[in-house]
Peer 1: 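The following block contains the structure, expressed as structure tokens.
Everything numeric here is computed off the predicted structure, so don't read it as measured data. Numbers here are sequence positions counted from 1. Below, all heavy atoms of this structure are taken into account, side chains as well, without hydrogens, waters or symmetry copies. First listed ligand is number 1; within each ligand, the first listed atom is number 1.
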Amino acid sequence: MRHLIDITDLTVEEIDQLIATAEDILENPVKYQDVAAHKQLATLFFEPSTRTRLSFESAMLSLGGSVLGFSSASSSSTAKGETVTDTIRTVGNYVDIIAMRHPKEGAPYAASLRSPVPIINAGDGGHNHPTQTLTDLLTIHRERGSLANFTIGFCGDLKFGRTVHSLVNALSRYTGIRFIFISPEELKMPAYINESLKRKGLSYEETESLEDAMPQLDVLYMTRVQKERFFNEADYIRLKDIYVLDPAKLQNAKKEMCILHPLPRVNEIAVAVDDDPRARYFEQVRNGKFIRMALIMKLLDLKV
Ligand code: NCD
């Protein structure tokens, strides 16, 4: 049985295949509309979500399957003190596959050890978010035509931003990627990520200046400062508006640059940027549903 806990649970070939399947679903959705008939997905969200949970649910429904679940820990037996493992062993009796989000790093992995059905990590604390990464890779592939040979700048909260950690990990397996990490000192990329790049013989640059990095970028990946992971509010307030992308800052950017953001945005991208053709974050949202359809098919071994 396959789970998706970390993006490296999939080989590069498998990721490329998922992208190809998602692109085919985008072109021919009707072909896939009964693929998961009589299959059930549970979405167990112990942390807030809009896109991830609803795109999983929409994905399963669009495959002809059905969905159940909860969208906050407070409405489940977690509020009575039940462990994650017991919750998973319970829900595993009812469904064929589970997508779960949890505030504790490693919770989906712990769940997978005792789960009777495949577990998909839909975000674990400040650690990983592999299905957002699949969404990001599909979007880059559709925008650029390939996943090789480009410069990507990650900007904002690189310390707590789990989508960034998984995406760097994924891109480190493709060729010719140049990484520029743009953050204040306090929100730098965790050392374990930098070390893993070094071990692979890859280099990265770190800067505090979005303006300096801007002209070099083919992809700009903006992130929200992760309020819920801060230990004190004063630090959050000091750092929250440190980068605000606005039309003036884009003047030095390449004409073909692609602006991504996993969303939700708070203040880090001015609404005026939404009309710039380089803003691709709502396309990214749309792609998230189709790559999750491809993933559900893969983990349940469903064929058209
Ligand atoms: C992200 C997450 O939950 O990590 N959102 C998402 O799933 N698209 C990003 C964030 O919350 O900042």
Peer 1: Mind checking what makes side-chain hydrogen bond (donor to acceptor under 3.5 Å, both in side chains) contact with His261, not counting sequence neighbours?
Peer 2: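 side-chain hydrogen bond (donor to acceptor under 3.5 Å, both in side chains) list for His261, sorted by chain: Glu268.
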
Peer 1: Cation-pi check, Arg292 to Phe56: give yes when NZ or CZ is under 6.0 Å from the six-membered ring centre and within 45° of the ring axis, no otherwise.
Peer 2: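 Yes, a cation-pi geometry.
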
Peer 1: Determine whether the aromatic ring centres of Tyr204 and Phe179 lie less than 6.0 Å apart.
Peer 2: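 No, ring centres 6.0 Å or more apart.
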
Peer 1: Identify, with sequence neighbours excluded, every residue that meets side-chain hydrogen bond (donor to acceptor under 3.5 Å, both in side chains) alongside Gln33.
Peer 2: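 Counting only residues at least two positions away or on another chain, Gln33 forms no side-chain hydrogen bond (donor to acceptor under 3.5 Å, both in side chains).
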
Peer 1: In order of chain and number, which residues sit within 4.0 Å of ligand 1 by heavy atom?
Peer 2: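 Contacting ligand 1 under 4.0 Å are Thr52, Arg101, His129, Gln132, Arg162, Thr163, Arg224, Gln226, Pro262, Leu263, Pro264.
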
Peer 1: Identify, with sequence neighbours excluded, every residue that meets salt bridge (Lys or Arg N to Asp or Glu O under 4.0 Å) alongside Asp235.
Peer 2: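 Counting only residues at least two positions away or on another chain, Asp235 forms a salt bridge (Lys or Arg N to Asp or Glu O under 4.0 Å) with Arg238.
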
Peer 1: Does the side chain of Gln132 pick up a donor-acceptor pair with the side chain of Ser166 at under 3.5 Å?
Peer 2: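 No, Ser166 and Gln132 have no side-chain donor paired with an acceptor closer than 3.5 Å.
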
